[in-house]
Chemist: 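Before we start, here is the structure in question, set down as structure tokens.
A quick note: this is a predicted structure, and the numbers were derived from the prediction, not measured. All ligand and atom numbering here is 1-based and tracks the order in the structure.
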Amino acid sequence: VAELAWRPTPLLLASAGVHAAALSSLAISRSWEAPLAAVVANHLVIAAACMSPRSGWLGPNMTRIPSDRVHNQIALTFDDGPDPVVTPKVLDLLEQAGSRATFFCLGERAAQHADLIGMIRDRGHGVENHTQRHPNTFALRGAGAMRREVLQAQDSIEQTAGRRPRFFRAPAGMQNPWLFPILAAAGLSLVSWTRRGFDTASASSATVASRLTRGLAAGDILLLHDGYASTRTRDPGVVIDALARVLEAMQKLELRSEAMHRLLPAEAGPRSR
Ligand SMILES: [Zn+2]
């Protein structure tokens with residue numbers, strides 16, 4: 001496994017400083033109000049960073065493809081799949097448009113639908129890591145539980161896709177300070193997005209597409225979902241129509257989507273050993 005280097009960010013170093021200063025101030029004076037207020041304020045800042053999917057305060061977080069890696073390419077990304085109803089339709093639309101995308105899959109779903117993972121891989125798309133089971137409390141868990149979610153998905157996806165993921169997207173985009181050393185040890189880089197369409201919450205594909213294509217430019221990372229066909233109606237929802245609209249807008253702008261592992265080959269990435 002290629003390990004990436006982990007270094008604490010300025011926010012984490014400053015936080016360690018605040019705690020050390022609060023402790024030593026407690027040791028030399030009997031007043032606890034100011035040190036306590038400093039520590040509480042520091043924890044509020046860290047909590048805000050945890051809940052900001054696009055922030056890089058806790059560790060490296062890719063929100064765009066670096067401009068030296070792209071000409072006319074963007075990165076379409078699909079979370080929470082694969083899904084037997086939605087994923088094949090997404091693959092057909094991408095193929096018609098001559099575009100390749102990145103699928104942040106759940107390890108459990110990959111194991112259940114190895115045939116779909118094979119289809120994604122055989123058409124040249126990327127299969128990357130979005131945890132094993134998508135726990136909604138992912139960012140509230142301890143380091144051990146988080147590491148298990150990440151590594152189980154690495155194994156499930158490697159077994160079905162034949163390639164170990166290099167990119168990770170956190171459930172709901174939530175981070176915490178111990179996520180980054182776990183990702184670095186697994187050779188994974190955190191990816192969030194430039195823009196998202198809220199396609200799982202919106203009933204209007206036109207609205208979703210306009211959120212995604214406002215100011216669309218090379219290097220953008222767009223977030224959609226291919227994991228939510230209603231089990232009752234088997235309705236692929238707004239994502240298919242929204243994707244068709246996004247691909248049309250891309251064509252007008254002469255942009256195409258490329259898989260992230262192709263835009264950022266391992267040897268061009270951060271220091272690995
Ligand atoms: Zn998700």
Chemist: Quick one: report the N, O or S atom of H130 that is nearest to the Zn ion (ligand 1).
Modeler: NE2
Chemist: Determine yes or no for a side-chain-to-main-chain donor-acceptor pair under 3.5 angstrom, with E149 supplying the side chain and Q132 the backbone.
Modeler: yes
Chemist: For the residue pair T160 and A114, what are the closest heavy atoms and their distance?
Modeler: CG2-CB, 3.8 Å
Chemist: When you measure from the Zn ion (ligand 1) to the N, O or S atoms of D79, does any of those distances fall below 2.8 Å?
Modeler: no
Chemist: Anything under 30° is parallel, anything over 60° is perpendicular, the rest tilted; go ahead and classify H43 against H19.
Modeler: tilted
Chemist: Is a salt bridge present between R123 and D92, judged by a nitrogen-to-oxygen distance below 4.0 Å?
Modeler: yes
Chemist: The Zn ion (ligand 1) and H134: any N/O/S contact shorter than 2.8 Å?
Modeler: yes
Chemist: Considering just N/O/S atoms, say which atom of D80 is closest to the Zn ion (ligand 1).
Modeler: OD1
